[in-house]
Amino acid sequence: MNKTNNDWTAQIYAIRDTQDQAAFAELFAHFAPRVKGFLMKSGADASLAEECTQEVMATIWRKAHMFDPSRASAATWIFTIARNRKIDALRKQRRPEPEDLPWGPEAEPDQAEAIGLKQETEQLAIAIKELPEKQRILVEQAYFGDLSHSEIAEITGLPLGTIKSRIRLALERLRHAMK
Amino acid sequence: MNMTDTIKHHLTPEILMAYSAGTLPEAFGLVVATHVSMCDVCRAELDSYDAVGGAVMEDATTADLSSDALAATMKLISEGNITPEAPRRSTGTLPSPLQDYVGGDISAIKWKPLGMGVKQAMLPTSKAATARLLYIPAGAAVPDHGHQGTEMTLVLQGAFVDEEDRFARGDVEVANEDMEHTPIADMGEDCICLAVTDAPLKFNAFIPRLAQRFLRI
Ligand SMILES: [Zn+2]
């Protein structure tokens, strides 16, 4: 499968619907080395990062039914799972999580929303790559956890506009579907 | 618990980004999770910072896994139970993330009196910052005395007003060392807030700024 055209939604749905181990192996080959790299850059040693990565990948299998491509890309969703594991294992503190959004058969992800979000997410990734070198490095450091809040304040001019309004639309649709 | 249309004071971009990155002290994370439970504006902004995180992870240097990692993960999966979690959604006054720390809704809060009708309840979080609930009687007012560090105050019931703004349920005030103003709790109802500070626990910073004003310390 062509990597640039692959948004991994099919694989995650195959895991959710038929416990498809081949689809999981594809997802694992792409994301596990990225999750491990992210955890090591965040300060985990190789053996802790390996252990946490396996747990993160197992969580992806277990939570496949929670994946909503109209609200987050696969990379975004997997990042949030890896980030939560990082807080637990490295920072050893609880992570207060927001309430869940309305979710059920009435609120099946909308195809057009998901495609729109995928395009916005790709544009955001390109925009981040094209940031001036210094700012791009600051953004990476913010997510690897070695930036102070005042340093983060310097980089909040990220190009988030379109993706933000896309996500808001998806949220409104979700809320509406539950009324 | 969506109150998006009535909330006027939101979280700052740097707070949302730090929460998304997972670098915020637990007490501040509790303010973010509680506000986002009520506010779709900040939820959408938070989701977009998560998308930045996804893009950063996608492009980050990869690290090879051990040769048996996939097999070991499949073993983990086969050993674990898949118990679909029920959605967390509060029907009470306190949003779910706060109820997790209180052990219930408003009636479960274990208040300790601070004098003059003001009460507080400490919440258990990691030491980097402290979180507490404050109860301030309607109509109480005091001049501001300044403060230290970053403080965030999220209104859960009632409201307080200062010279320029009104902070009602769902609104969050983010203050730093430079801010000076004189808030008054609204007459209508006693005010309950979640107050978080990262100031060191010196005597004059022990009770957060909001309580200092009301207590005339
Ligand atoms: Zn907000």
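Below, chain A is the first sequence line, B the second, and so on; all start at residue 1.
- Between Gln54(A) and Ala72(B), the shortest heavy-atom distance links the atoms OE1-CB, 3.3 Å.
- Of the two parts of Ile78(A), the backbone and the side chain both hold a non-hydrogen atom closer than 4.5 Å to a non-hydrogen atom of chain B.
- Inter-residue side-chain proximity for Arg95(A) and Tyr19(B) is flagged as met; some heavy-atom pair is nearer than 4.5 Å.
- With hydrogens and angles ignored, the 3.5 Å screen pairs no side-chain donor or acceptor of Ser96(B) with any backbone N or O of Glu99(A).
- Among Thr12(B), Leu46(B), Asp100(B), Asp59(B), the residue making the largest number of heavy-atom pairs under 4.5 Å with chain A is Asp59(B).
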### Task
Determine, stepwise, if the pair Val56(B) / Phe79(A) fulfils side chain to side chain contact (heavy atoms under 4.5 Å, CB included).
CA-CA 9 Å; Val56(B) 166; Phe79(A) 160 75; over 6 Å; no
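- Between the CG atom of Asp50(B) and the OH atom of Tyr143(A) there is a distance of 7.0 Å, given to the nearest 0.5 Å.
- Residue contact with chain B, scored on non-hydrogen atoms closer than 4.5 Å, is absent for Ser73(A).
- Comparing Ala127(A), Gly37(A), Ser165(A), Pro96(A) by how many heavy-atom pairs each has under 4.5 Å with chain B, the most go to Pro96(A).
- One N or O on the side chain of Arg83(A) and one on the backbone of Ser20(B) form a donor-acceptor pair closer than 3.5 Å.
- The two residues Leu65(B) and Thr53(A) make their nearest non-hydrogen contact at CD2-CG2, 3.8 Å.
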#### Entry: Steps toward side chain to side chain contact (heavy atoms under 4.5 Å, CB included) verdict (Trp61(A), Leu76(B))
CA-CA 10 Å; Trp61(A) 177 288; Leu76(B) 274 181; over 6 Å; no
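- Using a 4.5 Å cut-off between heavy atoms, Met40(A) contacts chain B through its side chain alone, with no backbone atom that close.
- When heavy atoms are compared at a cutoff of 4.5 Å, Ala82(A) approaches chain B solely by way of its side chain, counted from C-beta outward.
- Residues Arg88(B) and Glu97(A) share a closest heavy-atom pair of NH2-O, 3.1 Å.
- Neither the backbone nor the side chain of Ala72(A) comes within contact range of chain B; no heavy atom of the residue lies under 4.5 Å from a heavy atom of that chain.
- Contacts between Phe28(A) and chain B at a heavy-atom distance below 4.5 Å involve the side chain alone, from C-beta outward.
- Listed here is the closest heavy atom pair of Leu124(A) and Ala51(B): CD2-CB, 3.8 Å.
- Checked by atom type and distance alone, the side chain of Lys86(A) pairs as donor or acceptor with a backbone atom of Ala21(B) at under 3.5 Å.
- With chain B as partner, the option from Glu55(A), Lys129(A), Lys41(A) having the largest number of non-hydrogen pairs under 4.5 angstrom is Lys129(A).
- With a 4.5 Å cut-off on non-hydrogen atoms, Lys92(A) does not touch chain B at all.
- Closest approach of Glu50(A) to Ser66(B), counting heavy atoms only: OE2-OG, 2.7 Å.
- Interface remark: Val31(B) contributes no atoms to any contact with chain A (heavy atom separation under 4.5 Å).
- Using modelled atom types, one finds a donor on one side chain and an acceptor on the other under 3.5 Å when comparing Gln93(A) with Ser126(B).
- Contacts of Thr34(B) with chain A are absent, with no heavy-atom separation under 4.5 Å from either backbone or side chain.
- Residue contact with chain B, scored on non-hydrogen atoms closer than 4.5 Å, involves the backbone and the side chain of Arg94(A) alike.
- Contacts of Gln21(A) with chain B are made by side-chain atoms alone, with heavy-atom separations under 4.5 Å and no backbone atom involved.
- Nearest heavy-atom pair across Ile128(A) and Ala55(B) is CD1-CB, 4.0 Å.
- Residue contact with chain A, scored on non-hydrogen atoms closer than 4.5 Å, is absent for Val32(B).
- Look at Asp64(B) and Lys36(A) and you find no salt bridge, because none of the NZ, NE, NH1 or NH2 atoms lies under 4.0 Å from a carboxylate O.
- Glu58(B) has its side chain within reach of His30(A): a pair of non-hydrogen atoms, C-beta onward, lies under 4.5 Å apart.
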